[in-house]
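Beneath this line is the structure, given in structure tokens, with notes to follow.
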Amino acid sequence: MPRPLGELEDAVMTRVWQWNRPVTVREVLEDLQQERSIAYTTVMTVMDNLHQKGWVRREAEGRAYRYTAVSTRAAYSAALMNEAWSTSDNPAAALVAFFGMMSAEQREALRDAVRIVQPAEPEASAESPDAPPPPPATEGDSAAPGTGPGR
């Protein structure tokens, strides 16, 4: 499971994820410099560390590298949530506490996500364990399906 990214790693990965294209150290540096004073070598070291940890892949372009995210921010966030949840000695209570911390917008996003991953409600059929049993046979019903009158 992934270890949470450090503050600077997260700032770098946020840009890589948002831009969703191969990026250079220089591009990340210039964007980071809009909010903090930071050296080129610092950003280069962070991006090399992220490569070594498997967060980004890189391809040489001249004397520099272009870095691309290996997975999405959503996958990273999901892995962190799963790790935190799986370490609980009472997963159900942990989920209840987590849901209780959510804003109304977050709860709505959760409902949307559940609708996406939940399989569609199955048609009522004898093969479905939740389906009601078929009605009892009455006189005139055929013993085998599809063999009744007109079949």
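Residue numbers run from 1 in the order of the sequence given.
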Hey, mind stepping through E83 and L80 against side-chain contact (heavy atoms from CB on, under 4.5 Å) and telling me if it holds? CA-CA 5 Å; E83 173 71 12; L80 290 177; 5.7 Å; no
Value rounded to 0.5 Å, distance of CZ in R107 from CG in D112: 13.0 Å
Output the distance between atom CZ (R57) and atom NE2 (H51), rounded to the nearest 0.5 Å. 9.5 Å
Verify the ring-centre separation between Y76 and W17: is it less than 6.0 angstrom? yes
Do the side chains of V114 and M102 join up, straight or via other hydrophobic residues, at under 4.5 Å, putting them in one cluster? yes
Answer with yes or no whether the hydrophobic clustering places V16 together with V70; edges join I, L, V, M, F, W, Y residues whose side-chain heavy atoms lie under 4.5 Å apart. no
Could you check whether any side-chain heavy atom of D31 comes within less than 4.5 Å of a side-chain heavy atom of W19, counting everything from C-beta outward? yes
List the steps and the verdict of side-chain contact (heavy atoms from CB on, under 4.5 Å) for E9 and W55. CA-CA 10 Å; E9 290 173 326; W55 289 106; 5.9 Å; no
Side chain proximity check, L50 to L5, heavy atoms < 4.5 angstrom: yes
Count the heavy atoms belonging to other residues, nucleotides or ligands that lie under 6.0 Å from CD of Q52, then report whether that count exceeds 12. yes
I'd like to check R73 versus D10 (side-chain heavy atoms, cut-off strictly below 4.5 Å). Are they in contact? yes
Quick one: does W85's side chain have a donor or acceptor within less than 3.5 Å of a partner on A94's backbone? no
At what distance, to the nearest 0.5 angstrom, does CE of M44 lie from OG1 of T42? 9.0 Å
Between S77 (side chain) and A74 (backbone), is there a donor-acceptor pair under 3.5 Å? no
Could you walk me through whether Y65 and D48 pass side-chain contact (heavy atoms from CB on, under 4.5 Å), step by step? CA-CA 10 Å; Y65 288 108; D48 184 61; over 6 Å; no
Is M13 reachable from M81 through a run of I, L, V, M, F, W or Y residues, each pair having side-chain heavy atoms under 4.5 Å apart? no
Applying side-chain contact (heavy atoms from CB on, under 4.5 Å), run through V12 and V56 and close with a yes or a no. CA-CA 11 Å; V12 168; V56 294; over 6 Å; no
Are the side chains of I38 and L8 in contact, using a 4.5 Å heavy-atom criterion? yes
List the steps, then state whether salt bridge (charged side-chain N to carboxylate O under 4.0 Å, His left out) holds for E30 with R15. CA-CA 11 Å; E30 289 172 359; R15 284 150 178 86; over 6 Å; no
Would you compute the distance between atom CZ of R58 and atom CE of M47 and round it to the nearest 0.5 angstrom? 10.0 Å
Atom CD of E35 with >12 non-hydrogen neighbours under 6.0 angstrom: yes
